[in-house]
Novice: 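Got a structure here, written out as structure tokens. Questions coming.
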Amino acid sequence: METPAAPHSPAADPATPTPSVASVRTATVTVTSPDAMRDLGRALAEQLRPGDLVMLTGELGAGKTTLTRGLGEGLGVRGAVTSPTFVIARVHPHLSGGPALVHVDAYRLGGGLDEMEDLDLDVSLPDSVVVVEWGDGKVEELSDDRLHVIIDRATGDTTDEVRIVTLNGIGDRWAGSDLGSLAA
Ligand SMILES: Nc1ncnc2c1ncn2[C@@H]1O[C@H](COP(=O)(O)OP(=O)(O)OP(=O)(O)O)[C@@H](O)[C@H]1O
Ligand SMILES: [Mg+2]
């Protein structure tokens, strides 16, 4: 991954400062196919680290699981990511010592945090990347910091495959993040 030039870089002209991408903590990406959604997941995985919470918001069939599939591929975890409909959470261990992916379908999780901890997942959440579908209003308390990903179908879309994906990094964790690079 490219490192942005330091502010004092001799190459930078002080008269025409370029805005620092490091401060971007929100981004909007237009995704035009399921494959592109997967690619976005792979790219996003490069920015994730152990302890991160990713909350996915979007209607039925928006593409939450498709994005998570790309995340799993990008992270390098075991097992294909599928819809966790019949289990509340599925753990995908990392293949070579990195963070596991914990994929949660919070739809039937009534109480939120307490139940999540009661699931007895046999994995340490601070050492994992936790991705939650249908978690709005239920899992925010798991962490002060979270990446909220909102997937909307484009209105008036004729192909029915266009999605507008908005990423909002919330909390100190995301303050210096480079989400803007995902929109490139
Ligand atoms: N741009 C796109 N991104 C993602 N999926 C798309 C896109 N265009 C079409 N699709 C299709 O929409 C469906 C998305 O399914 P997916 O399981 O990822 O949605 P979901 O948001 O997880 O749904 P659920 O709420 O049921 O869990 C797939 O059938 C996929 O092929
Ligand atoms: Mg899903």
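Numbering of ligands and ligand atoms starts at 1, following listing order. No experiment lies behind these values; they were computed from the predicted model shown.
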Novice: For Ala62 and ligand 1, does the shortest N/O to N/O distance drop below 3.5 Å?
Specialist: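 Yes, since at least one N or O of Ala62 sits under 3.5 Å from an N or O of ligand 1.
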
Novice: At less than 2.8 Å, would any N/O/S atom of Asp105, backbone or side chain, sit next to the Mg ion (ligand 2)?
Specialist: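 Here the distance criterion (N, O or S atom, under 2.8 Å) is not met by Asp105, so no.
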
Novice: Can you check whether Ser83 has an N/O within less than 3.5 Å of an N/O in ligand 1?
Specialist: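 Min N/O separation from ligand 1 is not below 3.5 Å for Ser83.
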
Novice: Indicate yes or no: does Glu59 engage Arg153 in a salt bridge with an N to O separation below 4.0 Å.
Specialist: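 Between Arg153 and Glu59 there is a salt bridge, with a charged N closer than 4.0 Å to a carboxylate O.
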
Novice: Rounded to the nearest 0.5 Å, what separation is found between the CG atom of Leu167 and the CG atom of Leu40?
Specialist: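 It is 6.5 Å, given to the nearest 0.5 Å.
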
Novice: Just go through Pro34, Gly41, Gly61 and tell me whose heavy atom is the nearest to atom 14 (C) of ligand 1.
Specialist: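 Looking at heavy atoms only, Gly61 sits closest to atom 14 (C) of ligand 1.
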
Novice: May I ask whether Ser33 places a heavy atom under 4.0 Å from ligand 1?
Specialist: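 True for this residue.
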
Novice: Treating Ile, Leu, Val, Met, Phe, Trp and Tyr as nodes and any side-chain heavy-atom pair under 4.5 angstrom as an edge, say whether Leu125 and Val91 lie in one connected cluster.
Specialist: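 Looking at the clustering, Val91 is in the same group as Leu125.
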
Novice: Is the shortest side-chain N to carboxylate O distance from Asp144 to Arg173 below 4.0 Å?
Specialist: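 Salt bridge: no.
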
Novice: Have a look at Lys64, Glu161, Arg69 and point out the one with the heavy atom closest to atom 20 (P) of ligand 1.
Specialist: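 Residue with the shortest heavy-atom distance to the ligand atom: Lys64.
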
Novice: Less than 4.0 Å is my threshold; does some heavy atom of Glu59 fall inside it relative to ligand 1?
Specialist: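 Within the 4.0 Å threshold, so yes.
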
Novice: Is there any N or O on Gly63 that sits under 3.5 Å from an N or O of ligand 1?
Specialist: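 Between Gly63 and ligand 1, an N or O pair is found under 3.5 Å apart.
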
Novice: Of all the atoms in ligand 1, which lie at a distance below 4.0 Å from a heavy atom belonging to Met37?
Specialist: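 Those qualifying, in numeric order: 3 (N), 4 (C).
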
Novice: Looking at the Mg ion (ligand 2), is one of the N, O or S atoms of Thr68 less than 2.8 Å from it?
Specialist: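 It does not; every qualifying atom lies at 2.8 Å or beyond.
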
Novice: Using a 4.0 Å cutoff against the non-hydrogen atoms of Val31, which atoms of ligand 1 qualify?
Specialist: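 Contacts of ligand 1 toward Val31, numbered from 1: 1 (N).
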
Novice: For Tyr107 and ligand 1, answer yes if some heavy atom of the residue is under 4.0 Å from a ligand atom, otherwise no.
Specialist: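 Distance cut 4.0 Å: Tyr107 fails for ligand 1.
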
Novice: Among Thr66, Leu60, Leu56, which residue places a heavy atom closest to atom 16 (P) of ligand 1?
Specialist: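 Among Thr66, Leu60, Leu56, the closest heavy atom to atom 16 (P) of ligand 1 comes from Thr66.
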
